[in-house]
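Worksheet for the structure shown next.
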Amino acid sequence: MKISSFQSSTSTSSGGASGSAGSGSGTSTGTGYGTSRSFNLRNLSKLMLPPLGYSQSPAGPDKWVVSPLDSRYRCWETFMVILVAYSAWVYPFEVAFMNASPKGGLEFADIVVDLFFAVDIVLTFFVAFIDSKTQLLVRNRNMITFRYLKTFFVLDVVSTIPFQGLAYLATGEVREGLAYSVLGVFRLWRLRKVKQFFTRLEKDIRFSYFWIRCARLIAVTLFLVHYAGCLYYLIADRYPNRDKTWIGAVVPNFRQESLWMRYISCIYWSITTMTTVGYGDLHAQNNVEMIFNIFYMLFNLGLTAYLIGNMTNLVVEGTRRTMEFRNSIRAASSFVCRNRLPPRLQQQILAYMCLKFRADSLNQQQLMDQLPKSICKSICEHLFLPVVSEVYLFRQVSRDTLLFLVTRTKPEYIPPREDVVVQGEAADDVYIVVSGEVEVIHFDGVREQVVGALGAREIFGEVSALSDRAQCFTFRTRTLSQLLRLKQATLKEAMQSKPADSVVIIKNFLTHQIEVHDMKDLLGENAGEDGSNGGNIPCNLLTVAATGNSSFLEDLLRVGMDPDVGDSKGRTALHIAASKGFEECVLVLLRHGCNANIKDAQGNTALWQAIAARHHKVFSILYHLARVSNPHAGGDLLCLAARRGDVDTLREILKHGLDVDSEDRDGATALRVALAEGKADVARFLVMNGASVDKANLDGDATQTVSVSELRELAKKREVGHPITIYDSPADPVTVVGSSGDLGKRRVPSTRSDSAHWPRVSVYRGHPFVRNHGSEAGKLINLPATMEEFRALVGEKLKVDAEKALVLNEEAAEIDSVDVIRDNDKLFIVTEEHMRMLASMDSVPAL
């Protein structure tokens, strides 16, 4: 896919990171976004920053591997946390109150929970993991299996084995005792999932950090209270003299009481002991209980210190950096709401702040700033040189220049849907895509249109940077992207310090322009199939003109390049600029002395190319300059169009007010040429638009296709009231009035009356294309009723001979009637002296 607009220098490959990047060892960076255009705060918790200089491998991930950042897997993890909470609560309860033998519903629930944990063990063999050293998401199944077997697999299996169920299947009896109670302790291994769950929630900005932290501390407290209460009951229940226990002293037959009353009593005494409220009706009665209380109280000292320290840190100071981040998010949200910014802008602000927080936490840039320049140079060479050297603009550039560039680049992480470069802004930076994907968007004033996409090792912004003009497109990230930012001044400094590399960069740029804009014919006939041409581009000027880069074109002309160089088809830079309607390029070429009369292999001049492509402003410039040296320029153009039978081009020429009976160098009119060439349709068109049959010098004999009598009949119909209308635009009709005394004259019907307000115009001396700020000031006059009065008034005001002078508008179009002049128009009086001066100027040597 190619970008159709001439202003782009970007290729539109659909490659690039779409949310993950893989390596040959099975590693990849995951963003969690895929190619979706939607973006919300939920996805911020799934961002993973790829290492500096890391880009995606073409190999895709294994479809059987589950990403830990996937929303469905996150839901599964949350469900497993609920099962862990149940398992952690029910195990001490069963040991203390049911002698490790669950009954009824608890027994069935334990079996179901164990089955779910068994499924989770199998699923873990397919879940990718984040390498702690590289921070990459490893998707290689062999590496995932080896890591799981080496770490958590054994404990996960032991914590899931139903020992009592296996004993029942083996012996047919339900076994009770200390051995089965101790084996059940392995179930507590599952609590690590709860820790991971709370750690993830604390970093998720959708939830309040304060309340998540409080919930975590409360969960720890309740867990310890529950376990201590169950142990209190277990000690009392197993003690030989149950009456001499903490609960037996108050309730002698406590085993006869309901399960609910016994559990509440245990929890009550556990809490009073933990909070050191003191003992009243319940207190230790035997040595075992006293010993347990001693260790429990000592443990409570540490737990209390932990709780108080965390709560104090949370309420007073908090985790400083996280709280600062939270405060900045809250301030940004308040700013958005207060100023009623749109939702998309709010998401961009929050995404940028979240990404900046994550990038700052890695301390990558801070570390590089602290290192000596030699070490930083080596780091940049290792990380970025392979990326920069593969960018089309820097291919075959010397290593010294590449090192100079990479040491001055700055890596940046840009969140999805963020505008990196905005259409119309000044050219300041050039960006290289290391990973991710960037959209190329053109805004036509009404709506945005995506014209392409950039992937890894592609560049954008270089067109504006090299030509010093505004950005032609908006470049917006589609996924989380890592970019290298290079200052425009740094790029130009590198090119100035190494002239040889500057030539290579310019050639790379021009070659890429040819490929992007599908102009491989400009490379010449010896170009290869890939359009490379061995690195030599014989048509530098032609290529720049074809891209519309007037600033770059002027730079090349200033260093002495021939403005009249042609390609294999005889086309010059002026031909190409005129055919594409690049007005600024045409003016630059004329200022540097190009020959406007050169014809290509098909006999076309730049003037013909401009009118054939319907570029009227360029045509006006070329035509009025051509008239200075060639009075028959209009006739030559009309006769050429008639000879080719091009009615559409004839219509466009006549819109500019050219006399339809203008003669060429040989004294022939367009009508005579059309009849000589047998172009009947062209002849009829010319006659109906004012061509004189008499001026065509016809002999009265019938031609092959149309007779003179037929043409005269058409002329009579025209004269008796058949006006022909040629439209410049749907809202601007120009009527050709057919009258015997005004053949060929085109005028806009005037609706002004003598009492109407006459326009005021500004009149200046000199040609509009050679005036500057130091030129003589003009005169503001009221427009008279006729052209003769206008010329007399101008001659009096400006002290010139206006009778034989040309009257031009700002676009150098000649004006021969006051009916086409509007209020506040600027008019220019070009005398014969001005035309002689213009012909002798260096800007138009061909004239």
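All residue numbers in this chain count up from 1 along the given sequence.
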Could you tell me whether R791 and E788 make a salt bridge, using a distance below 4.0 angstrom between a side-chain N and a carboxylate O? no
Return the CG to CZ distance between L622 and R627, rounded to the nearest 0.5 Å. 14.5 Å
Closest non-hydrogen atoms of T474 and Q423, given as atom of the first, atom of the second and distance, are OG1-N, 3.0 Å
If you apply the rule side chain to side chain contact (heavy atoms under 4.5 Å, CB included), what do you find for D816 with M787, and how did you get there? CA-CA 7 Å; D816 57 4; M787 202 64 184; 5.7 Å; no
Report the distance from atom CG of L686 to atom CG of L654, rounding to the nearest 0.5 Å. 7.0 Å
Rounded to the nearest 0.5 Å, how far does CD of E462 lie from CZ of F394? 8.5 Å
Specify the closest pair of heavy atoms between V800 and T831, including all atoms of both residues, with the distance to one decimal. CB-CG2, 4.3 Å
Sub-3.5 Å donor-acceptor pair from the side chain of H632 to the main-chain atoms of E663, do we have one? yes
Identify the heavy atoms of V761 and F790 that sit nearest to each other, and give their distance. CG2-CE1, 4.5 Å
Side chains of V586 and L574: does their closest heavy-atom pair fall under 4.5 Å? yes
Enclosure of R665 CZ (heavy-atom neighbours >12, cutoff 6.0 Å): no
With side chain to side chain contact (heavy atoms under 4.5 Å, CB included) as the test, would you mind laying out the steps for W608 and L637 before giving the verdict? CA-CA 7 Å; W608 174 267; L637 197 63; 3.8 Å; yes
Looking only at atom types and distance, does a side-chain atom of S579 sit under 3.5 Å from a main-chain N or O of I576, one as donor and one as acceptor? yes
G634 and S662: which non-hydrogen atoms are nearest, and at how many Å? C-CB, 4.3 Å
Taking every non-hydrogen atom, the tightest pair across I815 and L827: CD1-CD2, 3.5 Å
If the threshold is 4.0 Å, N to carboxylate O, is there a salt bridge linking D648 and R651? yes
Looking at H616, is its backbone amide N or carbonyl O close enough to the side chain of S620 to form a donor-acceptor pair, meaning the two atoms are under 3.5 Å apart? yes
Does the D666 side chain pair with the main chain of A668, one donor and one acceptor, at a distance under 3.5 Å? no
Euclidean distance, D664 CG relative to L638 CG, rounded to 0.5 Å: 9.5 Å
Do side-chain atoms of D825 reach the backbone of R822 as a donor and acceptor pair under 3.5 angstrom? yes
Please answer whether the main-chain N or O of E814 pairs with a side-chain N or O of H624 as donor and acceptor at a distance below 3.5 Å. yes
Straight-line distance of F685 CZ to D646 CG, nearest 0.5 Å: 10.0 Å
Side-chain contact, heavy-atom cut-off 4.5 Å: L671 with V660? no
Looking at N604, is its backbone amide N or carbonyl O close enough to the side chain of H575 to form a donor-acceptor pair, meaning the two atoms are under 3.5 Å apart? yes
Any donor-acceptor pair under 3.5 Å from T605 side chain to K599 backbone: no
Can you list the steps and then say if M495 with D501 is a side chain to side chain contact (heavy atoms under 4.5 Å, CB included)? CA-CA 6 Å; M495 295 175 66; D501 288 334; over 6 Å; no
Expected output: side-chain Q488 to main-chain A465 donor-acceptor under 3.5 Å: yes
Kindly indicate, with the supporting measurements, whether the criterion ring-ring contact (aromatic ring centres under 6.0 Å, His included) is fulfilled by F619 and H656. CA-CA 9 Å; F619 174 79; H656 287 267; 4.6 Å; yes
Could you tell me whether R644 and E677 have a side-chain N and a carboxylate O separated by less than 4.0 Å? no
Ignoring hydrogens, what is the shortest heavy-atom contact between G603 and L640? Give both atom names and the distance. O-CD2, 4.5 Å
When you measure from the side chain of H512 to the backbone of N508, do you find a donor-acceptor pair of N or O atoms at a distance under 3.5 Å? no
Give the intermediate values and the outcome of side chain to side chain contact (heavy atoms under 4.5 Å, CB included) for residues F828 and N809. CA-CA 6 Å; F828 298 85; N809 65 3; 5.9 Å; no
Scan side-chain atoms only and decide if Y764 and E810 contain a donor-acceptor pair under the 3.5 Å cut-off. no
Which distance, rounded to the nearest 0.5 Å, do you find between the CG of D444 and the CD of Q449? 7.5 Å
